[in-house]
Chemist: 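Dumping the structure here so I can ask a few things about it.
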Amino acid sequence: LRKNVEDFTGPRERSDLGFVTFDITADILNGERGFIFDWNVKQLFLYLSAEYSTKNNALNQVVLWDKIMLRGENPRLFLKDMKSKYFFFDDGNGLKGNRNVTLTLSWNVVPNAGILPLVTGSGHVSVPFPDTYETTKSY
Amino acid sequence: AVMDLFGDLRRMNKRQLYYQVLNFAMIVSSALMIWKGLIVITGSESPIVVVLSGSMEPAFHRGDLLFLTNFHDDPIRAGEIVVFKVEGRDIPIVHRVIKIHEKENGNIKFLTKGDNNEVDDRGLYKEGQNWLEKKDVVGRARGFLPYVGMVTIIMNDYPKFKYALLAVMGAYVLLKRES
């Protein structure tokens, strides 16, 4: 569902604000090597980002949720009914009726020392936004 | 041993002194050339930075060293760790990109936030500024080494330590004799 509210930190015109609830089931592996937490992995910074195009901007990416997973924690995620951690504001009114909003889970591998790779998980979800604004529901 | 050193100094004639000074100058020039070379290869004006705050914990701590690149054609994407400077301020800030809005012509505006901070960086930007642009970016964090940058922080916080270190280095180079 979506609500049109004023974005207090953005431009003066009203911008679309999106609300998304999601479930995540994921098994974070390291390609063919299997287990992601090897001796040089200190933590993973996981984030769920929404990517979409609008009339105003050819490419938009908004991080909706993130989580730090330390070495030792279980790399399997089984989250249900999560709400986005951060406000999903568009730069304009590009969310209304947008059929092509893709949610992807990615993670930043933080080593004990060395290179910092960014990995995108396989499998993504399309979230179509409705054509009208929602004025009655609360989040 | 200290008396030997002073004995050495007196016995050194002008030629040897000039030789030592030239040696020293060569070491300094080589170091500078390597630094400039790094700037060219990475495309960043500051390819190695020290993490100054705890706003990216537990990934990076104060004193960690970061290696940056800043290739012009590298797109800025959500999730990346960037080092940027707010217009008018000298201090580089290391945070993560959490929002981008990019136009077809490549013009991009983006928002950053420290992993360990509750709120995004809008409070850190200039008065009235709500987004960062490519020109604010010093580089993207590609690799890191823990603890190594602590030396720089100590030298900043305790200038006496810096002068002592420089004095020791200077004495060593000038007095060292090539056999």
Side-chain angles (χ1 to χ4, degrees), chain A residues 7-12 15 40-71 73 84-92 94 102-121, chain B residues 51 56-61 64-69 74-83 94-125 128-131 139-149:
Chain A
D7 178 352
F8 294 107
T9 55
R12 295 263 159 226
S15 311
N40 195 21
V41 176
K42 182 160 78 174
Q43 69 173 59
L44 295 180
F45 184 89
L46 299 142
Y47 55 100
L48 184 75
S49 55
E51 184 171 319
Y52 60 98
S53 271
T54 62
K55 215 168 40 142
N56 256 351
N57 294 295
L59 175 67
N60 303 276
Q61 288 181 335
V62 180
V63 171
L64 299 181
W65 170 91
D66 55 43
K67 175 178 159 66
I68 295 178
M69 188 188 268
L70 299 169
R71 174 131 151 245
E73 289 178 33
S84 63
K85 233 191 204 184
Y86 306 111
F87 284 118
F88 188 178
F89 275 115
D90 181 36
D91 179 32
T102 319
L103 295 183
T104 343
L105 183 68
S106 315
W107 55 93
N108 190 192
V109 181
V110 183
N112 279 315
I115 306 212
L116 291 155
L118 257 162
V119 183
T120 310
Chain B
V51 177
M56 281 297 278
E57 285 183 24
F60 307 138
H61 297 85
D64 290 345
L65 208 66
L66 285 177
F67 298 92
L68 317 178
T69 61
D74 246 342
I76 298 178
R77 293 291 174 253
E80 292 191 337
I81 302 175
V82 294
V83 178
V94 186
H95 283 172
R96 198 179 294 271
V97 175
I98 60 168
K99 264 192 198 183
I100 66 161
H101 296 291
E102 183 177 69
K103 304 241 180 237
E104 238 174 64
N105 60 9
N107 264 353
I108 189 169
K109 63 185 185 190
F110 59 98
L111 180 64
T112 56
K113 175 181 167 295
D115 290 350
N116 207 17
N117 291 346
E118 280 298 316
V119 297
D120 60 42
D121 289 344
R122 288 222 164 102
L124 290 173
Y125 300 164
Q129 180 188 12
N130 290 319
W131 302 95
R140 236 141 307 183
R142 296 293 183 207
F144 104 110
L145 280 177
Y147 313 123
V148 177

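For the numbers below, each heavy atom of this structure counts, side chains included, while hydrogens, waters and symmetry mates do not. Below, read A as the first sequence line, B as the second, and so on, with proteins coming before strands; counting in each chain starts at 1. Everything numeric here is computed off the predicted structure, so don't read it as measured data.
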Chemist: Which residues in residues 43-50 of chain A have any heavy atom closer than 4.5 Å to a heavy atom of chain B?
Modeler: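 Checking residues 43-50 of chain A against chain B gives A:Gln43, A:Phe45, A:Tyr47.
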Chemist: Is it the backbone or the side chain of B:Ile81 that comes under 4.5 Å from a heavy atom of chain A, or both, or neither?
Modeler: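 It is the side chain, since no backbone atom gets that close.
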Chemist: Hey, does A:Val63 have a side-chain heavy atom less than 4.5 Å from the side chain of B:Arg96?
Modeler: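 Sidechains of A:Val63 and B:Arg96: no contact.
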Chemist: Select one option (side chain, backbone, both, neither) describing which atoms of A:Phe87 are under 4.5 Å from chain B's heavy atoms.
Modeler: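 Backbone of A:Phe87 only, per the 4.5 Å heavy-atom cut-off to chain B.
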Chemist: When rounded to the nearest 0.5 angstrom, what is the spacing between CD in A:Gln61 and CD1 in B:Ile76?
Modeler: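 Atom-to-atom, A:Gln61:CD and B:Ile76:CD1 are 11.0 Å apart.
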Chemist: With a 4.5 angstrom heavy-atom cut-off, which part of A:Pro117 approaches chain B: side chain, backbone, both or neither?
Modeler: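 For A:Pro117, there is no contact with chain B at all, as no heavy atom is under 4.5 Å.
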Chemist: Return the set of residues passing side-chain contact (heavy atoms from CB on, under 4.5 Å) with A:Asn57 (not counting sequence neighbours), or none when no residue passes.
Modeler: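 Partners of A:Asn57 by the side-chain contact (heavy atoms from CB on, under 4.5 Å) criterion, ordered by chain and then number, come out as A:Thr54, A:Asn60, A:Asp91, B:His101, B:Lys103.
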Chemist: Under 4.5 Å between any side-chain heavy atoms of A:Phe89 and B:Leu111, yes or no?
Modeler: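 The answer is no; the side chains never approach within 4.5 Å.
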Chemist: Counting only non-hydrogen atoms closer than 4.5 Å, does B:Arg77 touch chain A with its backbone (N, CA, C, O), its side chain (CB onward), both, or neither?
Modeler: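 For B:Arg77, backbone and side chain are both near chain A.
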Chemist: What residue, out of B:Ala141, B:Gly79, B:Pro146, has the most heavy-atom pairs lying under 4.5 Å from chain A?
Modeler: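 Of B:Ala141, B:Gly79, B:Pro146, B:Gly79 has the most heavy-atom pairs under 4.5 Å with chain A.
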Chemist: For B:Val148, is it the side chain, the backbone, both or neither that has a heavy atom under 4.5 Å from a heavy atom of chain A?
Modeler: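 Answer is neither: B:Val148 stays 4.5 Å or more from chain A.
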Chemist: Give, as side chain, backbone, both or neither, the part of A:Ile115 having an atom under 4.5 angstrom from any heavy atom of chain B.
Modeler: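 Contact with chain B involves both backbone and side-chain atoms of A:Ile115.
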Chemist: With chain B, which of A:Asn112, A:Leu64, A:Asp66 has the greatest number of heavy-atom pairs at distances under 4.5 Å?
Modeler: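 Counting heavy-atom pairs under 4.5 Å, the top option is A:Asn112.
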